[in-house]
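Here the structure is a predicted model, which is why all the values come from computation and not from measurement. Within every chain, numbering begins at 1; the chains are lettered A, B, ... in the order of the sequence lines, protein sequences first and strands thereafter.
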Amino acid sequence: MDEMEDSTADMCSRCASIPWDELEHIRFELFWRDEKPTLGDLQSSSCRLCRLIAYTIQAQPSQDARPQFVCITYRNRDSGFGDNCLGSLELWTEPGGPVGKLILTTEASVGQEAAARLPVVPKRVSFASMRPYLEACKASHQSCEPETSPQLLNLRVIDCIDDTVVVAPIGCSFVALSYVWGGPSANSYVLGSQIAFPPTIEDAVSSTRELGYRYLWVDRYVRQHAYFINLN
Amino acid sequence: MGRIYASAQVTIAAAAGVDPTHGLVGISRDRSTLLAREPVGSSRYLCQIPQSAQHYIIRSPWFSRAWTFQEGYLSKRILCFTEGEAVFTCKSHDLIMESGQNSRVHGDWYGTVNGTIIRTALSTQGNCLSHASKIMETYSARVRGHDSDALNAIFGILNVLRHGNPPVYHNRGVPFTITRRPDVAHSTDSTVSISLDWQHLDNARRLPEFPSWSTLGWIGEIYHHRESQVTSHFMIKYWSGDRYRELDEGTCDLDYTYRLDGTHQSQYLEIMTDVVQVELQFRSRTYFLKPTFLRRKRDEDQEANWTNENMTCPFFRVVLDDEKNFDATLPVLCSTTTPLDFVSGSWGSFQDRHPIFLFFQKGVKSYERIGVCDPDVYTIGSDGHMIKDDKNMWEFVPPGEPGAWDQVAERRTFLLG
């Protein structure tokens, strides 16, 4: 009993109301259907479980300022994460749908069986393992051929070897970057000058080199005056 | 600009972070392998598990924005940097994870659902009306920075579909096709099919820059049911140059009219159809319509059970686009895109043709779409709840009798804005 009091001591009443010790005997249960906490409630809560759940969900922008309500479904032993895993808590938002998962275990670490099922990824991207997929696609997928017919004239690209903005040589192979702009407009850059880009673009420059290409097209930073002439 | 992505050898997708200061995870920034956990109950732990790359893609700002949808869709090959693994995908192959795993980490429905959503957005190609409708459905869930971007941010994809084989045209983001096929019944040699049968999943907000008949005229996620055909019963005319015309291949080069301002004639459809003025009733937290043109089939065996007046009263459930701002005091017009077949009188066979009913209300300058309903018949059960009824229990009120469609309907031509 003392033990239980310890673990619920710094929980909010909402999290403490989930029968943690009974869960492994329950097959399926829905929690927080009536409490309807919003994602904002969880993020600003002083309860450690609320914060763990909010952190696992990763807040997303929605189309409008509607609150996203969170609810939880518990499933007994459905996830196959090994013997130490008693069950899983699926996290839902409304609107939104399923958004994440936590597992209930008897050990502080995820069981060994579970770990074996999960991808082991190093801290840095391995281009050596990605390049063969790209090469295989280039060699054998006709429908993946990039378009060539419209000539891109005055397309400004980053020369990833000289780190400058240049006019793309006609017909050159290039890589494009797709990213979220974020804040206010960036400065435009003068042709031929050495430049400092934000980290995502710097990383895209080095990735372009790793993939074996020289030119990178990045919207907004190098867009000016890019236009097409359709030779037809 | 869509052409640039289609012409690139590879597109690098930054599917992590809300702006370009985040960097690509796994290049300048280490991937986090730290998993949080908290003790619960007596010696139990709630643990985070490593998330699949699909989870990270779907939850990324990159996957939630309007502009990045066509950037991903038009790209032939994508190298996607997530908070977890990097992922490669192309038009001919499903996702390939950096770890070599071909697909899901969690072999459950969550992974399956995520995989399908990502495929629709990045890998699936097609040139048919239902594919175009699916594109608009996916797009409706994306967040737009500026309302005026609504068409521009999808224009690249619509342009590709328009020049595909067969071409899928669009008018203000509403896809339509023209099929050359002699249609004896309507003495035409081509059939126009158009995606008008969509409904909002939640209360939507009207966006006045675009017409109400386009999904671009609303902010809110939509669901597409099926396509409707333009017939002599439900005639749609588009503005083409100097007047409203019936649509054929010669008048469907509408691509360049969109950049006109929101007051131009081209933002209206001229619709000629039979309309019925209806009243919508609010019951069980949603709006219902009582179709006067239906009656319960006579069935001698069971007639004794139908003494309760309510039991014989059918309702359609109406999905209003913006229910919160619906003004029930203004007249509501209802029309169906499917010709009503009075000859057979069989409601069941009519319903098998998947008809939809559209609802309009008069706005400042023209009529506006306010909602749709599927013609599923509901009745009030003995406990007071609405229950879906068997379609074969109902029939049309025969023409000429009170309440029959031909008695209450009126042929009208109106502008839909």
| task | Could you have a look at A:Cys137, A:Pro146, A:Ser178 and say which one has the most heavy-atom pairs with chain B under 4.5 angstrom? | result |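 Max contact count across the listed options: A:Ser178.
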
Examine whether an atom of [X] lies under 4.5 Å from a heavy atom of chain B, and if so say whether it belongs to the side chain, the backbone or both; otherwise answer neither.
X: A:Thr56; answer: both
X: A:Glu22; answer: neither
X: A:Ser173; answer: both
X: A:Ser140; answer: neither
X: A:Leu134; answer: both
X: A:Tyr213; answer: side chain
X: A:Leu89; answer: side chain

**Asked** For B:Asp321, what residues pass the side-chain contact (heavy atoms from CB on, under 4.5 Å) criterion, not counting sequence neighbours?
**Response**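 With sequence neighbours excluded, B:Asp321 shows a side-chain contact (heavy atoms from CB on, under 4.5 Å) to B:Trp198, B:His200, B:Trp218, B:Arg369, given in chain and number order.
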
Sequence neighbours excluded, the answer for side-chain contact (heavy atoms from CB on, under 4.5 Å) partners of A:Ala176 is A:Trp217, B:Tyr5, B:Ala8, B:Thr11

Under a 4.5 Å heavy-atom cut-off, does chain A meet the side chain of [X], its backbone, both or neither?
X: B:Tyr56; value: side chain
X: B:Ile78; value: neither
X: B:Arg77; value: side chain

Review point. Charged N to carboxylate O below 4.0 Å: is that the case for B:Arg31 and B:Glu85?
Key: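 B:Glu85 and B:Arg31: not salt-bridged.
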
The side chain to side chain donor-acceptor pair (under 3.5 Å) partner of B:Glu83 among B:His55, B:His22, B:Arg29 is B:His22

- B:Ser28, B:Ala14, B:Ala13: which one forms the most heavy-atom pairs within less than 4.5 Å of chain A?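 Of the candidates given, the most pairs with chain A belong to B:Ser28.
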
Scored by heavy-atom pairs under 4.5 Å with chain A, the best of B:Arg44, B:Glu71, B:Lys91 is B:Arg44

Review point. Aromatic rings B:His93 and A:His141: how do their planes relate, parallel, tilted or perpendicular, breaks at 30° and 60°?
Key: tilted

Assess A:Arg156 against A:Tyr215: is NZ or CZ under 6.0 Å from the centre of the six-membered ring, and within 45 degrees of the ring's axis? no

- Message: Can you confirm if the NZ or CZ of A:Lys138 lies within 45° of the ring axis of A:Tyr133 and under 6.0 Å from the centre of its six-membered ring?
- Response: no

Original post:
In terms of side-chain heavy atoms, does B:Glu209 have a donor or acceptor partner in B:Ser148 at a distance below 3.5 Å?
Top reply: no

- Message: Using the rule given for side chain to side chain donor-acceptor pair (under 3.5 Å), can you reason through B:Asn203 versus B:Asp322, listing the C-alpha separation, both sets of side-chain angles and the distance that settles it, and then say yes or no?
- Response: CA-CA 5 Å; B:Asn203 204 80; B:Asp322 184 1; 2.8 Å; yes

